[in-house]
Amino acid sequence: MGNSLTEEGQGLQPYQMQAIWSAIRQSGEVALANQHYQLDEMDKVFLLSDVDEFYDQLVKISNESDNQESAQWIVSNPCFEIWLYYCFKNDPETDLASLKTFDITKRSQEMKQLGNRLVPGGLNPLRAFEQMAEGIAHSRDHYAEDEQRIPLLYATQMHEMAQYLINTMNRTANEYNEFIQRKQAWREKMKR
(Lines give C-alpha, C1' and ligand atoms only; values in the text may rest on other atoms or scores of the structure.)
Protein backbone atom coordinates (compact mmCIF):
# COMPACT_ATOMS: atom_id res chain seq x y z
CA MET A 1 0.00 0.00 0.00
CA GLY A 2 1.67 3.20 -1.12
CA ASN A 3 -0.48 5.56 0.90
CA SER A 4 0.44 8.08 3.55
CA LEU A 5 -1.30 9.33 6.68
CA THR A 6 -0.20 12.94 6.15
CA GLU A 7 -1.27 15.74 3.88
CA GLU A 8 0.87 16.35 0.80
CA GLY A 9 4.18 17.88 1.82
CA GLN A 10 3.60 17.28 5.51
CA GLY A 11 5.66 15.01 7.68
CA LEU A 12 5.29 13.43 11.08
CA GLN A 13 7.85 13.19 13.83
CA PRO A 14 8.69 9.64 14.97
CA TYR A 15 6.69 10.07 18.22
CA GLN A 16 3.64 11.10 16.18
CA MET A 17 4.08 8.11 13.85
CA GLN A 18 4.40 5.79 16.84
CA ALA A 19 1.21 7.23 18.42
CA ILE A 20 -0.75 6.78 15.17
CA TRP A 21 0.57 3.22 14.77
CA SER A 22 -0.42 2.43 18.37
CA ALA A 23 -3.97 3.70 17.71
CA ILE A 24 -4.16 1.68 14.49
CA ARG A 25 -3.07 -1.48 16.32
CA GLN A 26 -5.73 -0.91 18.98
CA SER A 27 -8.52 -0.32 16.46
CA GLY A 28 -7.28 -3.04 14.09
CA GLU A 29 -7.81 -0.94 10.99
CA VAL A 30 -6.29 1.82 8.89
CA ALA A 31 -8.36 4.47 7.13
CA LEU A 32 -6.68 6.08 4.10
CA ALA A 33 -8.44 8.21 1.50
CA ASN A 34 -11.85 6.95 2.69
CA GLN A 35 -10.72 3.34 2.30
CA HIS A 36 -10.59 1.08 5.35
CA TYR A 37 -8.07 -1.73 5.64
CA GLN A 38 -7.99 -4.41 8.33
CA LEU A 39 -4.53 -4.96 9.77
CA ASP A 40 -4.71 -8.67 9.03
CA GLU A 41 -5.27 -7.83 5.34
CA MET A 42 -1.93 -6.03 5.10
CA ASP A 43 1.34 -7.67 4.16
CA LYS A 44 3.50 -5.32 6.20
CA VAL A 45 3.65 -1.80 7.58
CA PHE A 46 6.79 0.32 7.28
CA LEU A 47 7.35 3.48 9.32
CA LEU A 48 9.91 5.72 7.57
CA SER A 49 11.94 8.36 9.37
CA ASP A 50 15.00 10.48 8.81
CA VAL A 51 17.54 10.67 11.61
CA ASP A 52 17.74 14.44 11.15
CA GLU A 53 16.88 16.07 14.48
CA PHE A 54 14.91 13.01 15.63
CA TYR A 55 17.80 10.95 16.99
CA ASP A 56 16.61 10.98 20.62
CA GLN A 57 13.05 10.05 19.62
CA LEU A 58 14.31 7.17 17.48
CA VAL A 59 16.53 5.81 20.27
CA LYS A 60 13.61 5.83 22.70
CA ILE A 61 11.32 4.14 20.19
CA SER A 62 13.90 1.49 19.28
CA ASN A 63 14.30 0.61 22.96
CA GLU A 64 10.57 0.03 23.49
CA SER A 65 9.76 -3.65 23.46
CA ASP A 66 6.46 -3.72 21.50
CA ASN A 67 7.85 -1.61 18.66
CA GLN A 68 8.44 -4.46 16.20
CA GLU A 69 4.91 -5.87 16.36
CA SER A 70 3.85 -6.19 12.69
CA ALA A 71 5.55 -2.94 11.68
CA GLN A 72 9.12 -2.12 10.81
CA TRP A 73 10.93 1.17 11.24
CA ILE A 74 13.05 2.23 8.26
CA VAL A 75 15.49 4.94 9.28
CA SER A 76 17.79 6.92 6.97
CA ASN A 77 20.72 9.11 7.94
CA PRO A 78 20.57 11.93 7.20
CA CYS A 79 17.36 11.50 5.17
CA PHE A 80 15.47 9.42 2.59
CA GLU A 81 17.54 10.92 -0.22
CA ILE A 82 20.51 8.79 0.87
CA TRP A 83 18.50 5.82 -0.42
CA LEU A 84 17.88 7.58 -3.74
CA TYR A 85 21.60 8.37 -3.93
CA TYR A 86 22.44 4.66 -3.61
CA CYS A 87 20.12 3.83 -6.50
CA PHE A 88 22.34 5.99 -8.74
CA LYS A 89 25.79 6.20 -7.16
CA ASN A 90 28.02 4.40 -4.67
CA ASP A 91 30.80 6.63 -3.30
CA PRO A 92 29.30 8.54 -0.36
CA GLU A 93 32.62 9.23 1.38
CA THR A 94 33.67 11.27 -1.67
CA ASP A 95 30.38 12.52 -3.12
CA LEU A 96 28.75 13.40 0.21
CA ALA A 97 31.78 14.33 2.33
CA SER A 98 30.48 17.88 2.78
CA LEU A 99 27.58 16.53 4.90
CA LYS A 100 30.02 16.04 7.77
CA THR A 101 30.65 19.80 7.88
CA PHE A 102 26.96 20.60 8.44
CA ASP A 103 25.03 20.61 11.68
CA ILE A 104 22.87 17.49 11.97
CA THR A 105 19.68 19.55 11.50
CA LYS A 106 20.99 20.98 8.18
CA ARG A 107 22.28 17.76 6.61
CA SER A 108 18.96 16.82 4.98
CA GLN A 109 18.79 20.14 3.13
CA GLU A 110 22.39 19.73 1.96
CA MET A 111 21.74 16.13 0.88
CA LYS A 112 18.88 17.30 -1.34
CA GLN A 113 21.15 19.95 -2.92
CA LEU A 114 24.00 17.48 -3.47
CA GLY A 115 21.69 15.02 -5.21
CA ASN A 116 20.73 17.61 -7.79
CA ARG A 117 24.41 18.29 -8.50
CA LEU A 118 25.59 14.66 -8.52
CA VAL A 119 22.97 13.02 -10.73
CA PRO A 120 21.72 14.52 -14.01
CA GLY A 121 18.04 15.23 -13.44
CA GLY A 122 18.46 14.89 -9.67
CA LEU A 123 17.59 11.99 -7.39
CA ASN A 124 14.42 11.07 -9.26
CA PRO A 125 12.35 8.53 -7.26
CA LEU A 126 10.74 7.10 -10.41
CA ARG A 127 14.14 6.36 -11.97
CA ALA A 128 15.37 5.07 -8.60
CA PHE A 129 12.52 2.52 -8.58
CA GLU A 130 14.01 1.01 -11.73
CA GLN A 131 17.39 0.78 -10.03
CA MET A 132 16.34 -0.69 -6.69
CA ALA A 133 18.60 -3.73 -7.08
CA GLU A 134 21.64 -1.44 -7.34
CA GLY A 135 20.32 0.66 -4.48
CA ILE A 136 19.96 -2.43 -2.29
CA ALA A 137 23.52 -3.57 -2.99
CA HIS A 138 25.02 -0.10 -2.45
CA SER A 139 22.97 0.54 0.69
CA ARG A 140 24.02 -2.78 2.21
CA ASP A 141 27.69 -2.02 1.40
CA HIS A 142 27.55 1.18 3.46
CA TYR A 143 25.17 0.13 6.22
CA ALA A 144 26.37 0.66 9.77
CA GLU A 145 24.68 1.46 13.08
CA ASP A 146 25.79 3.14 16.26
CA GLU A 147 25.56 1.52 19.72
CA GLN A 148 21.89 2.64 19.93
CA ARG A 149 21.07 0.77 16.67
CA ILE A 150 20.52 4.02 14.75
CA PRO A 151 22.02 4.19 11.24
CA LEU A 152 25.25 6.16 11.01
CA LEU A 153 25.74 8.96 8.47
CA TYR A 154 25.36 7.61 4.89
CA ALA A 155 23.35 4.61 6.13
CA THR A 156 19.74 3.73 5.46
CA GLN A 157 17.54 0.75 6.21
CA MET A 158 15.63 1.32 2.95
CA HIS A 159 17.36 -1.71 1.40
CA GLU A 160 15.18 -3.85 3.70
CA MET A 161 11.95 -2.27 2.47
CA ALA A 162 13.10 -2.30 -1.18
CA GLN A 163 14.02 -6.00 -0.98
CA TYR A 164 10.62 -6.73 0.54
CA LEU A 165 8.92 -4.85 -2.32
CA ILE A 166 10.89 -6.69 -5.00
CA ASN A 167 10.24 -10.07 -3.36
CA THR A 168 6.52 -9.30 -3.00
CA MET A 169 6.16 -8.10 -6.60
CA ASN A 170 8.06 -11.10 -7.97
CA ARG A 171 6.42 -13.72 -5.74
CA THR A 172 3.35 -14.28 -7.87
CA ALA A 173 4.01 -12.86 -11.32
CA ASN A 174 7.65 -11.80 -11.59
CA GLU A 175 6.14 -8.31 -11.78
CA TYR A 176 9.22 -6.25 -10.83
CA ASN A 177 11.62 -8.07 -13.16
CA GLU A 178 9.16 -7.74 -16.06
CA PHE A 179 8.74 -4.02 -15.33
CA ILE A 180 12.52 -3.54 -15.51
CA GLN A 181 12.74 -5.49 -18.79
CA ARG A 182 9.96 -3.38 -20.35
CA LYS A 183 11.69 -0.15 -19.28
CA GLN A 184 15.04 -1.29 -20.67
CA ALA A 185 13.44 -2.30 -23.98
CA TRP A 186 11.69 1.08 -24.21
CA ARG A 187 14.97 2.94 -23.57
CA GLU A 188 16.75 0.89 -26.27
CA LYS A 189 13.96 1.67 -28.71
CA MET A 190 14.23 5.40 -27.92
CA LYS A 191 18.00 5.33 -28.53
CA ARG A 192 17.43 3.99 -32.03
Side-chain angles (χ1 to χ4, degrees), residues 1-87 96 99 102-116 122-126 128-129 132 135-136 139 143-166 168:
M1 177 170 56
N3 289 312
S4 171
L5 293 171
T6 63
E7 296 299 318
E8 193 66 37
Q10 298 291 317
L12 294 173
Q13 292 188 18
Y15 281 164
Q16 295 169 310
M17 294 167 60
Q18 184 185 37
I20 289 170
W21 175 238
S22 180
I24 288 169
R25 283 195 333 237
Q26 286 179 0
S27 71
E29 80 172 18
V30 180
L32 294 167
N34 298 319
Q35 295 286 323
H36 292 266
Y37 304 92
Q38 296 301 310
L39 281 185
D40 59 359
E41 296 171 358
M42 292 185 187
D43 290 327
K44 187 149 182 148
V45 173
F46 293 95
L47 304 168
L48 278 63
S49 179
D50 298 344
V51 170
D52 230 359
E53 71 266 24
F54 306 125
Y55 183 88
D56 292 338
Q57 290 184 40
L58 292 166
V59 168
K60 186 172 188 299
I61 289 167
S62 75
N63 289 329
E64 292 179 359
S65 59
D66 72 343
N67 175 41
Q68 299 306 318
E69 187 178 305
S70 67
Q72 182 177 349
W73 281 90
I74 300 293
V75 179
S76 299
N77 189 349
C79 56
F80 178 77
E81 282 75 13
I82 192 69
W83 162 250
L84 298 176
Y85 168 84
Y86 285 133
C87 290
L96 309 176
L99 291 178
F102 283 81
D103 182 78
I104 290 169
T105 61
K106 303 284 188 223
R107 286 179 177 167
S108 291
Q109 291 172 311
E110 177 64 7
M111 180 68 210
K112 289 168 180 58
Q113 296 302 315
L114 285 171
N116 290 328
L123 299 175
N124 182 326
L126 297 176
F129 183 78
M132 279 199 301
I136 291 167
S139 177
Y143 189 76
E145 298 177 343
D146 67 15
E147 64 282 350
Q148 299 292 334
R149 297 182 314 215
I150 303 298
L152 294 173
L153 184 61
Y154 312 138
T156 177
Q157 297 165 335
M158 271 300 296
H159 57 264
E160 296 176 25
M161 182 173 151
Q163 189 64 64
Y164 178 84
L165 292 173
I166 289 174
T168 300

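On a predicted model such as this, the values are computed, not experimentally measured, just so you know.
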- Item | Nearest-0.5 Å distance, CG of residue Asn124 to CG of residue Leu84 | 8.5 Å

- Message: I'd like to know if the side chain of Asp50 and the backbone of Phe80 have a donor-acceptor N/O pair within less than 3.5 Å.
- Response: yes

- Query: Of all residues at least two apart in sequence or in a different chain, which pass the side-chain hydrogen bond (donor to acceptor under 3.5 Å, both in side chains) check with Thr105?
  - Reply: Asp103

- Item | All ring pair (Phe, Tyr, Trp, His ring centres under 6.0 Å) counterparts of Tyr15, not counting sequence neighbours | none

- Locate the shortest heavy-atom distance separating Ser62 from Gln148; write the atom from each residue and the value. OG-O, 3.7 Å

- Task: Could you name each residue pair satisfying side-chain hydrogen bond (donor to acceptor under 3.5 Å, both in side chains) that touches residues 75-85, not counting sequence neighbours?
- Result: Ser76-Thr156, Glu81-Lys112, Tyr85-Asp95

- Task: Write down the atom of Ala144, the atom of Ala155, and the distance for their closest heavy-atom approach.
- Result: O-CB, 3.5 Å

- Say whether, by atom type as modelled, one donor and one acceptor occur between the side chain of Tyr143 and the main chain of His159 under 3.5 angstrom. no

- Query: So, does Gln72 use its side chain to make a donor-acceptor pair with the main chain of Phe46 at under 3.5 Å?
  - Reply: no

- Asn116 to Gly122 - nearest heavy-atom pair and separation: OD1-CA, 3.6 Å

- Steps toward side-chain contact (heavy atoms from CB on, under 4.5 Å) verdict (Gln157, Leu48): CA-CA 9 Å; Gln157 297 165 335; Leu48 278 63; over 6 Å; no

- Task: Could you tell me whether a side-chain N or O of Tyr154 sits under 3.5 Å from a main-chain N or O of Pro78, the two making a donor and an acceptor?
- Result: no

- Identify, with sequence neighbours excluded, every residue that meets side chain to side chain contact (heavy atoms under 4.5 Å, CB included) alongside Met17. Leu12, Leu47, Trp73

- Partners passing salt bridge (charged side-chain N to carboxylate O under 4.0 Å, His left out) against Lys106 (at least two apart in sequence or in another chain): none

- Query: Who are the side-chain hydrogen bond (donor to acceptor under 3.5 Å, both in side chains) partners of Asp146, not counting sequence neighbours?
  - Reply: Tyr55

- Task: Name all residues meeting the side-chain hydrogen bond (donor to acceptor under 3.5 Å, both in side chains) criterion together with Gln16; count only those two or more places apart in sequence or in a different chain, and write none if there are none.
- Result: none

- Mark yes or no for whether Ser22, through its side chain, and Gln18, through its backbone, hold a donor-acceptor pair below 3.5 Å. no

- Sidechain-backbone polar pair: Arg107 side chain, Asp52 backbone, donor-acceptor under 3.5 Å: no

- Message: Is it the case that the side chain of Ser139 and the backbone of Ile136 share a donor-acceptor pair, with hydrogens and angles ignored and the cut-off at 3.5 Å?
- Response: no

- Item | Evaluation steps, side-chain contact (heavy atoms from CB on, under 4.5 Å), between Asn63 and Arg149 | CA-CA 9 Å; Asn63 289 329; Arg149 297 182 314 215; 3.7 Å; yes

- Query: What distance separates Ile82 CD1 from Met158 CE, expressed to the nearest 0.5 Å?
  - Reply: 12.5 Å

- Report the C-alpha separation of Ile166 and Met132 in whole Å, then their side-chain angles, then the decisive distance to 0.1 Å, and conclude whether the side-chain contact (heavy atoms from CB on, under 4.5 Å) test is met. CA-CA 8 Å; Ile166 289 174; Met132 279 199 301; 3.6 Å; yes

- With a cut-off of 6.0 Å (strictly less than), are more than 12 heavy atoms of other residues, nucleotides or ligands near CD1 of Ile104? no

- Message: So, using ring pair (Phe, Tyr, Trp, His ring centres under 6.0 Å) as the criterion, who are the partners of Phe54 when residues are at least two apart?
- Response: none

- Item | Euclidean distance, Leu123 CG relative to Cys87 SG, rounded to 0.5 Å | 9.0 Å

- What residues form a side-chain hydrogen bond (donor to acceptor under 3.5 Å, both in side chains) with Gln109, not counting sequence neighbours? none

- Message: A side-chain contact here means heavy atoms from C-beta on lying under 4.5 Å apart; do Leu99 and Met111 qualify?
- Response: yes

- Test Leu58 against Val75 for side-chain contact (heavy atoms from CB on, under 4.5 Å), laying out the working first. CA-CA 9 Å; Leu58 292 166; Val75 179; 3.8 Å; yes

- Item | Inter- and intrachain pairs under salt bridge (charged side-chain N to carboxylate O under 4.0 Å, His left out), touching residues 150-166, at least two apart | none

